[in-house]
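Written out below as structure tokens is the structure these notes cover.
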Amino acid sequence: MRPGGEPLLAVRDLTVRFRTEDGPVLAVDGASFEVAGQETVALVGESGCGKSVTAMALTGLLPPNATVSGEVRFGGDNLQQRSRSALRAIRGREIAYVFQEPMTSLNPVLTIGRQIAEVLHRHQRLRGAPARRRAVELLDLVGIPLPARRLREYPHQLSGGMRQRAMIAMALACTPKLLVADEPTTALDVTVQAGILDVLRTLSAETGTAVLLITHDLGVVADIADRVVVMYAGRVIEEADVDDLFARPGHPYTRGLLDAVPNPARRSDGSLREIPGRVPVLASSPDACTFADRCSRADSTCRVHRPELVPGPAGHPVRCWHPLAPVVAGERR
Amino acid sequence: MGRYLLRRLVESAVTLVLATMVVFLGVRALPGDPARTLAGEEADPVAIDEIRRQYGLDQPVPVQYYRYLENLARGEMGDSLRTGLPVTETIRDALPVTLQLAVFSLAVAVLIGIGTGVVAAVRRRGPAEWGANTVALLGLSIPNFWLGLMAILVFAIAFPVLPASGFVSVFENPVESFRHLLMPSLVLGTGLAAVVMRQTRSAMLESLSADYVRTARAKGLSGAQVVLSHALRNSLIVVVTIVGLQLGGLISGAVVTEQIFVLPGFGKLTIDAVFTRDYPMIQGVVLVTAAAYIGINLLVDMLYSVIDPRIRVGGAAL
Amino acid sequence: MTTVVELPTPTVVAPRSRRRALRRVLRNPLAAAGLVVVVVVLAAAALADLLAPYPFDLVDFDATLQPPSLAHWFGTDELGRDQLSRVLHGLRVSMIVGVMSVVLSLVVGVPLGLLAGFYRLLDPVISRLTDTLLAFPFLVLAVGLAAILGPSLTTATVALAVGLLPLIIRVARSETLRLREMDFVAAAVADGADDLELLRRHILPNAVNALLVQATVAVPLAIIGEAILSFLGLGVRPPIPSLGVMIASAQPLFRDGPWLAVIPGVAIVVLTLALNLFGDGLRDALDPRELRR
């Protein structure tokens, strides 16, 4: 946590439950984390760990069968207590989203220009020529060639990378304070990913927009994040500055994730190591470590007592009864 | 786009030619000797032979078919056996009645159907959805001829507020025309509305769960904007197709509705022709119906491509 | 007559899961109620001769145009005939024509659809024929057939079957197209199955769900169709008491005996509503996509 003043976003004890036909599902279990102004924080975890749900819950974007509790403070306001129309005024203007799949996330029957103009009109009352000028400017900003022509085109006429740039342009239209990017590069070709990350990094630096990056890809994290929050089965299990986390993971799960990154320099055979088992689906918050069943270090304590997020041996918060001791460089396998 | 339209045009043309064959052969399959029918009950064999020659009925069937097509191309469909008037003219006089009925009914169906369909999809699991579904089920289950009779029973006999029969053109007296067409088009439109409602609802449910709707909400758009300019816009592609497919049903429905409300339209012409065994007229109305239907379907396909930019403007394949 | 039914999503459904689907239908109260009504009406129609208090054609000039009473629950018509007896027999006609026309169109349409979907060469031919049939609204088609065959119960059945044919062909065709591409079909080909075996053992059984749903939608359509044809005088002819015929002959007596037109119509609505409720439940149960919503 950076010293001085209130952070831009402070999430406290966020809990999300879904009512489903197979009974209740606990998707997020008391998650707490902060994002400071102009900071890029990565929310990391396997699919189903609750990271996307967390992102959606910030501004009330979850479907009606979700119940959300806890506190989401944004610029001093508790968003959880704001009315639906107040949240709508924040979405797209102060907190903007970029989603994973640019093909399906853009409306196929509306032009790119129309979809950008919609945000400008909604939040800045811009329309007509000024809106068009601003849209051209935005497309240019995210590195789309021939922006004036692209405005009149439909999503299917753009390549995947260009579509995602258009999504980013749309999100940045009102220079939001926080950009939530949910797996922004996952659906794209590897060659295109780097370009998109570049755009995100440069623009957030230029406009001073903080970024909450949701991803399962630690390569992306290493590339652009300042800080990392690791989630597992609905809980935040570790939080650290990016270098710190990569060098001194405290939670066995984080360590597993890091080991799963294909890194020929680290593993001679170059194979991807998987963490055995799968993310559990929970109905309620159990009095245990949710990772215990997949953890080689788990003992009886782990199965009956819930660990708290407390500073571990490496100095940063870890939710583990038996956190890993920091390894001295060169000692790792 | 161009190639797609061309293909549809060729397909429609083939269907139309096949339809003329069906009509032509269908009339040839009618029981009885057409020459005898044309000559009248009391004609002697010589007169019948004369008529047979006169109408080319002694020629081989392919030659007759060719003649038939030739006449068709000139807009010539023979004279009605019942009235002696040219079939083409009679049909031309009856069409406006049916067209006005169809337009009114379509308006009813689209307004009610799309409106309730959207409400049912947006207000899920509430009384609104339940109500809309019930109305749709009833609309599908009530035969419209009976609904028409019940409407007459209530609004023309028990509480005489609307005329039970007759037609006034909208161009002559709009108010009277509306009064005369209100019951028939409500009756004809509700059945179609039920189908439109169901399709709209399921298309809306599909598009409301789409990613681009999530994007629209994440942009801070209001509920109405999300529903109308994002979800509905996409659903309309499906709904237009369905409405197009239903137009054949509308023509069938018009036949019955005109019969009940005594509207001098195309449908009544059809039924009267069948009951008086007016073969040239049957041949004419059936062919015109088929041509109209083929034309409508072609139009719907073109409309479809206008609404959906993925068809209108080419570009990267999906 | 051209209702298009959404097809179930691509899943391979074995007979066992079909039984499970039936259980799901019965758990849906509306669908179960629909099924109960259909079964009751079927039984009443089948036993019409036993249940009817009077012969349907018994003329009684001492009791003409009686409103509903204890002696005549549904009243009597201008000839003193008991309307309850006539409605029961009319329901029998509705059921016979409704079911027979759907069966007929399945018998003809399913093989055509399978062939169109399976053999690329046949597809344009069969599809064009289907389009041509669709170009004639079913009532116009029925009118034409009635003109050729003369109005009768058989004419009505055949006309309705022809009207339903395009729907059946389309469903069978699109299901075949979909299933042909599936792995288990490829596996069967690899095992040396010939075309007939593929169609009969692998494709048809998996297309049954979609066809079943389409057929349940088609029966109420056919029942309403029969009523319309008979109402217009193109279907079942008096003295056979079709519900459509009853409504038609009630038309001149609107003021004196409104029940004569109301009751047979209500009978049709109850039957088709029940069939539609059951059909909806069946579609939801067989279509996993609907369940998710």
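Numbers restart at 1 for each chain; the letters A, B, ... are given by sequence-line order, proteins then strands. What you see is a predicted model; the values in this text were computed from it and never measured.
- To the nearest 0.5 Å, atoms CG (B:Leu137) and OG1 (C:Thr272) are separated by 9.5 Å.
- Remark: side-chain polar atoms of B:Trp146 are paired, donor with acceptor, to backbone N or O of C:Ala261 under 3.5 angstrom.
- With chain C as the partner, the residue from B:Leu138, B:Thr270, B:Asn144, B:Leu149 showing the most heavy-atom pairs under 4.5 Å is B:Leu149.
- Using a 4.5 Å cut-off between heavy atoms, B:Val22 touches chain C through its side chain atoms alone.
- Both the backbone and the side chain of B:Ile142 come within contact range of chain C, each with at least one heavy atom under 4.5 Å from a heavy atom of that chain.
- Side-chain atoms of C:Phe231 and B:Ile260, non-hydrogen and from C-beta on, do get closer than 4.5 Å to each other.
- Contact annotation for B:Glu11: both backbone and side-chain heavy atoms come within less than 4.5 Å of a heavy atom of chain C.
- Between chain B and the residues C:Leu271, C:Leu273, C:Leu275, the most heavy-atom pairs under 4.5 angstrom are made by C:Leu273.
- Put simply, of B:Thr289, B:Ile294, B:Leu16, B:Leu153, the one with the most heavy-atom pairs under 4.5 Å next to chain C is B:Leu153.
- Highest contact tally toward chain B, considering only C:Val270, C:Leu30, C:Ile223, C:Ile224, is held by C:Ile224 [criterion: heavy-atom pairs under 4.5 Å].
- For B:Tyr65, the OH atom counts as densely surrounded, since its 6.0 Å shell holds more than 12 non-hydrogen atoms of other residues, nucleotides or ligands.
- Put simply, the side chain of C:Ile228 does not reach to within 4.5 Å of the side chain of B:Val255, judged on heavy atoms.
- For C:Val266, the parts sitting under 4.5 Å from any heavy atom of chain B are the backbone and the side chain alike.
- Among the candidates C:Ile268, C:Leu129, C:Asn276, the residue making the largest number of heavy-atom pairs closer than 4.5 Å to chain B is C:Asn276.
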